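Reading through the C-alpha cells given below for one structure.
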Amino acid sequence: MNFFQAIILGLVQALTEYLPVSSSAHIRIIGDLMLGHDPGAAFTAIIQFGTEFAVLLYFRHDIARILSHWFGCLFGRNGKDLKSRMGSGDKDASLGWYIIIGTIPIVLAGVLFKSTIETTLRNLWITVTVLIVFGVLLWITDARSRQVKTIDDMNTKEAIAFGIGQMLALIPGVSRSGGTITFGRAMGYTREAAVRVSFLMAIPAVFGAGILEAISAVSDLSDPAVAATFPGWTATIAATIVSFLVGYVVIIGFLKFVSTFSYRAFAIYRIVLAVVVAILLITGALPAVAGA
C-alpha cells in the first residue's frame, strides 16, 4: 500500500462509516481490488479513530450533557435513592444508561463469537447476502413505519432492541448504522432520531473495540508478514486525518439528508453493490476469502 492508496481508503472509511451501507464491506472490497489483499488490521483499526473523533466533535455538547447528568444522578445529585441514582426523572441520565444497555449485546457477541466473526463471517458471499437482505429490510421498514418517536421516548426494552441492531453489524455487510437505523424505524423513531441514536450508541462500542484492536494489531507489526501490508505511519496518520475531516462533513450532510428524504437510495445502493460484488466473485476478480 502506498501513500495515495492509504488516502483513498481513508476517504472510503469516511464516506461509508456513518451511512447504512457497511464501511467494513467497502474497505474489504476496495482493499482487495486496489491492493490484491486485505488492507491489514492495524491500518483499518487506526483510520477508524478518525471517523469516531468526528462523531465526538459533532456531538460534543450532547455527550457532555449526557455525561454530566449521568454522573450527577449516579452520585446522588437528584436524590440518594436507587431510582434517582439510576436516572429516574432525568432524560439525559436515562439516555446514558440506555447507551450502556445498548452496548452490551455487541460486547457479548464480540467476545463469544470473536473467532467466527474474524474468519467464517468474512466470506464475501455472506457479505453479498446480508447487503441485499438488510437493504430490503431497511427499504420496507422505512417506507411502512411511522415517524412518531424521538430519543426522549426511549426505554430499556427499546435500548436493547437498538443494541441488537448494532450487534448484527459484527457481520460484514450489515452495517452498524444500518442495523440500528432499521430497528429504530421499525419501532417508530423518526429518521433523524434513529440516526442520532446510532451515532451515540456507537461511541463506546467502536472506541472500546477500536482501542483493543489497534493495540493488538500494532503489536503484531513486529511480524514481517503483517508489517508488509502496513503502509507506514505517515500514510496511516494522513489517512486518519482524511477520515476525520471528510467524516465530519458526511455527518452534517447525512443528518440533513434524512430530515428530508427516505433511506430508499441507500437500500438501492446496497442491492446494486451486492450484485456488482457477486459478479466480481463469479468472474474471479475478487476472492471470497481474504488472501485466497
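It should be emphasised that the depicted structure is a prediction, and the values quoted were computed from it without experimental measurement.
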### R144 atom CZ, over 12 foreign heavy atoms within 6.0 Å
no
### Message
Test your reading of the model: is there a side-chain donor-acceptor pair from D153 to the backbone of T150, 3.5 Å cut-off?
### Response
yes
### Task
Examine the side chains of T51 and Q13 and answer whether a donor and an acceptor come within less than 3.5 Å of each other.
yes
### Query
Is there side-chain contact between I99 and W70, with heavy atoms separated by less than 4.5 Å?
no
### Query
Would you find a donor on one side and an acceptor on the other, under 3.5 Å apart, between the side chain of S94 and the backbone of D90?
yes
### Task
Compute the ring centroids of F162 and Y189, then answer whether they are less than 6.0 Å apart.
yes
### Task
Spell out, yes or no, whether I268 and V128 are grouped together once hydrophobic residues are joined by side-chain heavy atoms under 4.5 Å, including indirect joins.
yes
## Note on the structure
Output for pair (D62 CG, I203 CD1), nearest 0.5 Å, gives 9.0 Å
### Task
State, yes or no, whether a side-chain contact exists between P172 and I126 at a heavy-atom distance under 4.5 Å.
no
### Task
Could you tell me whether K91 and D152 make a salt bridge, using a distance below 4.0 angstrom between a side-chain N and a carboxylate O?
no
### Query
With I160, which of I101, I104, N155 fulfils side chain to side chain contact (heavy atoms under 4.5 Å, CB included)?
I101
### Task
To the nearest 0.5 angstrom, please state how far the OH atom of Y18 sits from the CZ atom of F199.
7.0 Å
### Message
Looking only at the aromatic ring of each residue, does the gap between the centers of F266 and F257 stay below 6.0 angstrom?
### Response
yes
### Task
Taking atom types as modelled, find out whether S262 and R191 have a side-chain donor-acceptor pair closer than 3.5 angstrom.
no
### Query
A239 and A6: which non-hydrogen atoms are nearest, and at how many Å?
CB-O, 3.2 Å
### Task
Mind running side-chain contact (heavy atoms from CB on, under 4.5 Å) on L121 and L170 for me, showing each step along the way?
CA-CA 9 Å; L121 295 182; L170 291 172; 5.8 Å; no
### Query
So do L138 and I181 actually touch side chain to side chain, heavy atoms under 4.5 Å?
yes
### Query
Between atom CD of Q48 and atom OG of S24, what is the distance when rounded to the nearest 0.5 Å?
8.5 Å
### Query
How about F254 and V195: do any of their side-chain heavy atoms sit closer than 4.5 Å?
yes
### Task
Of all the heavy-atom pairs spanning A205 and I106, show the shortest one and how long it is.
CB-CG2, 3.8 Å
#### Entry: I164 vs M167 side-chain heavy atoms within contact, under 4.5 Å
yes
### Message
Measuring from atom CD1 of I252 to atom OH of Y248, what distance do you get when rounded to the nearest 0.5 angstrom?
### Response
4.5 Å
### Query
Any donor-acceptor pair under 3.5 Å linking the side chain of R85 with the backbone of K80?
yes
### Task
Determine whether Y58 and L56 fall in the same hydrophobic cluster, where Ile, Leu, Val, Met, Phe, Trp and Tyr are linked whenever their side-chain heavy atoms lie under 4.5 Å apart.
yes
### Query
Are F71 and I66 joined in one hydrophobic group, where the rule is that I, L, V, M, F, W and Y side chains link up if heavy atoms are under 4.5 Å apart?
yes
### Task
For G87 and A93, work out which heavy atoms get closest and say how close.
CA-CB, 3.8 Å
### Query
Hey, would you say the F53 and F207 ring centroids sit under 6.0 Å apart?
yes
### Task
Say whether, by atom type as modelled, one donor and one acceptor occur between the side chain of S68 and the main chain of A64 under 3.5 angstrom.
no
### Query
What's the spacing between L124 CG and T129 OG1 if we round to 0.5 Å?
10.5 Å
### Query
Is the side chain of W125 donor-acceptor paired with the backbone N or O of A288 at a distance under 3.5 Å, no angle test?
no
### Query
With respect to R185, which candidate in D142, T190, T141, T180 satisfies the side chain to side chain donor-acceptor pair (under 3.5 Å) definition?
D142
### Query
Between S145 and G188, is there a donor-acceptor pair closer than 3.5 Å when you use the side chain of the first and the backbone of the second?
no
### Query
Side chain of R270, backbone of V174: donor and acceptor closer than 3.5 Å?
yes
### Summary
Nearest heavy-atom approach of Q166 to G102 is NE2-O, 3.7 Å
### Task
Just do the side-chain contact (heavy atoms from CB on, under 4.5 Å) check on E192 and Q147 with the steps written out, would you?
CA-CA 9 Å; E192 187 173 357; Q147 296 193 73; over 6 Å; no
### Task
Could you go through the side-chain contact (heavy atoms from CB on, under 4.5 Å) check for F244 and T240 one step at a time?
CA-CA 6 Å; F244 168 74; T240 303; 5.8 Å; no
### Query
Would you say the side chain of S243 lies within less than 4.5 Å of the side chain of E17, judging by non-hydrogen atoms?
no
#### Entry: Note, I7 side chain near L11 side chain (heavy atom, < 4.5 Å)
no
### Task
Could you go through the side-chain contact (heavy atoms from CB on, under 4.5 Å) check for V276 and I29 one step at a time?
CA-CA 11 Å; V276 171; I29 294 164; over 6 Å; no
### Task
Check whether V258 and V249 end up in the same hydrophobic cluster, where Ile, Leu, Val, Met, Phe, Trp and Tyr are linked by side-chain heavy atoms less than 4.5 Å apart.
no
### Query
Would you say T182's side chain and G178's backbone share a donor-acceptor pair under 3.5 angstrom?
yes
### Task
Quick one: closest heavy-atom pair of A161 and F183, and the distance?
O-CD2, 3.1 Å
### Query
Measuring from I47:CD1 to S23:OG, what's the distance to the nearest 0.5 Å?
9.0 Å
### Message
So which atom in P105 and which in G163 form the shortest heavy-atom distance, rounded to 0.1 Å?
### Response
CB-O, 3.7 Å
#### Entry: Verify same cluster id: V277, V136 (apolar side-chain graph, 4.5 Å)
yes
